[in-house]
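Just the heavy atoms: all of them, side chains too, but no hydrogens, waters or symmetry mates, feed the values below. Order of listing sets the numbers, starting from 1, for every ligand and every atom in it.
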Amino acid sequence: MGIQRVGVLGCGLMGSGIAEVCAKAGIDTTVREVNAEFLEKGMGRLEKSLARAVEKGKLTAEDREAATGRLHGTISDEDLADCDLIIEAIVENVEEKCRTYAALDKIVKKEALFASNTSSLTITELAMSTGRTDRFLGLHFFNPVPVMKLVEVVRTLMSSDEAVAAAFDFVRAIGKEPVAARDNSGFIVNRLLVPYLLDAIRAFENGVGSVEDIDKSMQLGCAYPMGPFRLLDFVGLDTTYYIANIMFEEYRETRFAPPPLLKKMVMAGRFGRKSGRGFYEY
Ligand code: 3HC
């Protein structure tokens, strides 16, 4: 099954990135937001990112025009009826996601695949809100989406081999590398990354080193592009706290337990780059 038309739900940081890579890869892409204001903001972010790619010489002006021509914004579910694949990147709220899927399940053609970009919720639970559990998967992208090469393709007990194969083909068609992950909380990357980030906070709390020195150590000692505190600020402390709580609840292992400092920083509104202050100031 070739995927020619994609519907992206949500035009936030992840949704706009996903829409951008799809449109650049020649796929007709419709982005749905909940209201005109969010749509305008999201499409603005998308256009800015495409313009930056042209400025950096990564995209020609003609290719940008072509990508823009393939991008459509909407606030109406009906405009997604003909899509071959729906990728959802809305707020990490299980009720909201299930409500959205249930509504779209009635509108979008029955052979289409549904995928969620959730980083922490169970794909199985989301799939159960639809009548297409065999065509329901996780497609987990990484921030910044235009740069990060990986997409985790998450299958549930119910996903069909055909759906998984179609998802792998799609991921390659948009220039990304797929890996197969089971529907376990955190999949592969967050299962390893989140304990590492939490451990960096614990190391700092225990006086092992300063924020700057811990970051410098991992950057220069292990050639990580960012140290753990820069990455925490980049991902968002609120997001990390949220994911850690879900993973801790799932596995009941202390390595997933959010350290007290993380909780206090979230309470204090220090979410990282998005709020202007996290472990660093912006
Ligand atoms: N959109 C498009 N391109 C971008 C971008 C963006 N938002 N941010 C950076 N880039 C591009 C730049 O244009 C540049 O490209 P060039 O080298 O061809 O000119 C390249 O990425 C490097 O950018 P910069 O030179 O501006 O800055 P850095 O070298 O510091 O790189 C970074 C920035 C790519 C973000 C790098 O620091 C990095 O890879 N950090 C780690 C990111 C990471 O681990 N992401 C995963 C987070 S976990 C996640 O998403 C899962 C979730 O569930 C929590």
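- When the heavy-atom distances from atom 48 (S) of ligand 1 to Leu193, Val21, Asn143 are ranked, the shortest goes to Leu193.
- Of all protein heavy atoms, the one closest to atom 39 (O) of ligand 1 is Met148 CE, 3.0 Å.
- If you check which protein heavy atom lies closest to atom 51 (C) of ligand 1, you get Phe142 CD2, 3.4 Å.
- Counting only heavy atoms, the protein never gets under 4.0 Å from atom 23 (O) of ligand 1.
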Under the salt bridge (charged side-chain N to carboxylate O under 4.0 Å, His left out) criterion, do Glu96 and Arg99 qualify, and how do the steps go? CA-CA 5 Å; Glu96 186 67 30; Arg99 223 184 353 261; 2.7 Å; yes
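- You'll find the ring centres of Tyr196 and Tyr224 inside the 6.0 Å limit.
- The closest protein non-hydrogen atom to atom 33 (C) of ligand 1 is Met226 CE, 5.0 Å.
- Judged by the 6.0 Å distance and 45° axis criteria, Arg230 is not positioned over the aromatic ring of Phe279.
- The shortest separation from a heavy atom of Val145 to ligand 1 is not under 4.0 Å, leaving the residue out of contact.
- Summarising the local packing, NZ of Lys263 is surrounded by 12 or fewer heavy atoms from other residues, nucleotides or ligands at distances under 6.0 Å.
- Between the side chain of Arg270 and the backbone N or O of Glu281 there is no donor-acceptor pair closer than 3.5 Å.
- No hydrogens or angles considered: a donor-acceptor pair under 3.5 Å links the side chains of Thr74 and Asp79.
- The local environment of CZ in Phe38 is sparse, with at most 12 non-hydrogen atoms from other residues, nucleotides or ligands closer than 6.0 Å.
- Heavy-atom contacts from other residues, nucleotides or ligands closer than 6.0 Å to CD of Glu125 number 12 or fewer.
- Atom 16 (P) of ligand 1 is approached by the protein to below 4.0 angstrom, counting heavy atoms only.
- The option from Arg230, Arg52, Arg45, Gln219 that lies nearest to atom 5 (C) of ligand 1, judged by heavy atoms, is Arg52.
- For atom 19 (O) of ligand 1, the nearest non-hydrogen atom from the set Lys56, His140, Glu55 comes from Lys56.
- Protein heavy atoms are absent from the 4.0 Å sphere centred on atom 27 (O) of ligand 1.
- Summarising the local packing, CD of Glu40 is surrounded by 12 or fewer heavy atoms from other residues, nucleotides or ligands at distances under 6.0 Å.
- A cation-pi contact links Arg252 to Phe248, judged by a cut-off of 6.0 Å to the six-membered ring centre and 45° from its axis.
- Of the options Lys58, Glu152, Glu20, the smallest heavy-atom separation from atom 12 (C) of ligand 1 is shown by Lys58.
- Close approach of ligand 1 to Pro146 (heavy-atom distance below 4.0 Å) involves ligand atoms 1 (N), 2 (C).
- In terms of protein heavy-atom proximity, atom 8 (N) of ligand 1 is nearest to Pro144 CG, 3.9 Å.
- Residue Ser119 has at least one heavy-atom neighbour below 4.0 Å for each of these atoms of ligand 1: 53 (O).
- With atom 54 (C) of ligand 1 as the reference point, the heavy atom nearest to it among Val235, Thr240, Val147 is part of Val235.
- Counting protein heavy atoms under 4.0 angstrom from atom 3 (N) of ligand 1 gives one or more.
- Between the side chain of Glu33 and the backbone N or O of Asn35 there is no donor-acceptor pair closer than 3.5 Å.
- For atom 36 (C) of ligand 1, the closest heavy atom belonging to the protein is Pro225 CB, 4.0 Å.
- Shown here, atom 44 (O) of ligand 1 is in close reach of the protein: a heavy atom of it lies under 4.0 Å off.
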